[in-house]
Number of protein chains: 2
Amino acid sequence: MGNLADVLRARGYKVTGPRQQVFDALEGTEKPLSPYEIQNLLQEEDSFLNHVTIYRILDLFSRLGLAHRVLSNSGFVKCNLPGQEGCHRFVICRCCGSVQEFADKELCRKEKSFALDCGFHAESHLSETLGLCAKCYGRRDEKTTI
Amino acid sequence: MGNLADVLRARGYKVTGPRQQVFDALEGTEKPLSPYEIQNLLQEEDSFLNHVTIYRILDLFSRLGLAHRVLSNSGFVKCNLPGQEGCHRFVICRCCGSVQEFADKELCRKEKSFALDCGFHAESHLSETLGLCAKCYGRRDEKTTI
DNA sequence: GGCCTAAATGCAATATTGTTGCATTTAGGC
DNA sequence: GCCTAAATGCAACAATATTGCATTTAGGCC
């Protein structure tokens, strides 16, 4: 079925229960999840994974481009835009915490050439925009959270 | 003399030894410093600050726009571009760890309008480009560090 | 100059997050 | 079913961050 099993096998990694569970957890949410949050989530479903295992799985997912770490709140999100080649652009709602990843070749190119102007050879790029999503902007009188 | 004392007084904060020391530490380096790195640095000069104090000072500096946290390596740098209004653009060398902050109104504007296209009301923006600075690019055969 | 008070710092205890080394289990090829 | 490298578990620890409260100090006042 899946994305995950295919990617793992294609790169010579084993398809295991824990890996599938972490992947499912990431897929089931629009908010970034920290390793320990993933552990808690799974525990609610009566499934226990050692936190070390989760760290190692997330590390693998990052290397495989299956997940990315959002730095502003140090959680992981599933990558929906394969092949972005080290250019990751997130929009993060500071109220509900939801995250979306976007791609924009134009901005990416500009960012790199801009760096080069300063004698800097860009390899990868991370962009995080904080604000309010449409939903939270609508009811923005309520107190903010993040 | 100072930037720091002026800003503190202008906003009703006291000018203290610890604040001056942390500020000086940030000023004396081109690499981002974590709270504990700052503590170690000061200790080498036989000056001890409790880490809680350093955390609180860095927090204050962030709120006052005197320092920014670089997320890629979770260290703080002194802000050299006052009035950027929540738009921070860093270039980080993954070899020597040096960081430079830049401003580009154009990119900043694009980023925001781009977010708006997705129904997202941007408030602040963070951009971190990883790569090699001119110096490290020159001798890039040597092993990389960060 | 000394006095006073709110602000700043120190300190201890604790919580959270991340890492390492090694024992045990398991996926997947035979 | 067996075998082995890979994956996971586990325990111990290291690093980072937070909280509440006691103590000290900057700066306004006389």
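Just so we're clear, the structure is a prediction, and the values are computed from it rather than from any experiment. So that the names make sense, note that chain A is the first sequence line, chain B the second, and so on, each numbered from 1.
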_I want to check one thing: is the phosphate of dA7(C), taken as OP1 and OP2, less than 4.0 Å away from some side-chain N or O of Arg11(B)?_
no
*Picking from dG27(D), dC11(C), dA17(D), which would you name as closest to the side chain of Val15(B)?*
dG27(D)
*Between Val52(B) and Arg19(B), which is nearer to the 5' end of DNA chain C once each is assigned its nearest nucleotide?*
Arg19(B)
*Find the partner of dC30(D): check Watson-Crick (N1-N3 plus N6-O4 or O6-N4) and G-U wobble (N1-O2, O6-N3) distances, both under 3.5 Å, and reply none if neither fits.*
dG1(C)
*Counting side-chain heavy atoms from C-beta on, which of dA7(D), dG27(D), dT8(D) comes nearest to Lys14(B)?*
dG27(D)
*Phosphate contact (dT8(D) OP1 or OP2) by Thr16(A) side-chain N/O below 4.0 Å*: yes
*If you check the Tyr36(B) side chain, which of dG9(D), dA17(D), dT17(C) turns out closest?*
dA17(D)
*Any chance the side chains of Gln20(B) and Asp24(B) put a donor and an acceptor closer than 3.5 Å?*
yes
*Which residue, Ser74(B) or Leu49(A), contacts DNA chain D at a nucleotide closer to its 5' end, judged by nearest heavy atom?*
Leu49(A)
_With a 3.5 Å cut-off and heavy atoms only, can you find an N or O donor on one side and an acceptor on the other between the side chain of Arg56(A) and the base of dG9(D)?_
yes
*Searching all strands shown, indicate the nucleotide that pairs with dC30(C) (Watson-Crick or G-U wobble; both distances under 3.5 Å).*
dG1(D)
*Going through the checks in order, is the salt bridge (charged side-chain N to carboxylate O under 4.0 Å, His left out) test met by Arg89(B) and Glu111(A)?*
CA-CA 10 Å; Arg89(B) 203 165 291 279; Glu111(A) 209 110 40; 2.2 Å; yes
_Any donor-acceptor pair under 3.5 Å from Arg19(A) side chain to Lys14(A) backbone_ = yes
_Separation of atom CZ in Arg63(A) from atom P in dA6(D), rounded to whole Å_ = 13 Å
*When you get a sec, tell me which of dT9(C), dA6(D), dT16(D) is the closest nucleotide to the side chain of Pro18(B)?*
dT9(C)
*asked:* Quiz question: by atom type and distance under 3.5 Å, do the side chains of Glu128(A) and His125(B) form a donor-acceptor pair?
replied: no
_Pair Tyr36(A) and His51(A), ring centroids less than 6.0 Å apart_ = yes
*Which base sits across from dA15(C) as a Watson-Crick or G-U pair, both distances under 3.5 Å?*
dT16(D)
*asked:* Whole angstroms only, please: what is the CD1-P distance between Ile54(B) and dC11(C)?
replied: 12 Å
*Find which nucleotide of DNA chain D each of Ile57(A) and Tyr55(B) is nearest to by heavy atoms, and output the residue with the more 5' nucleotide.*
Ile57(A)
_Taking the nucleotide of DNA chain C with the nearest heavy atom to each, does His51(B) or Tyr13(B) sit closer to the 5' end?_
Tyr13(B)
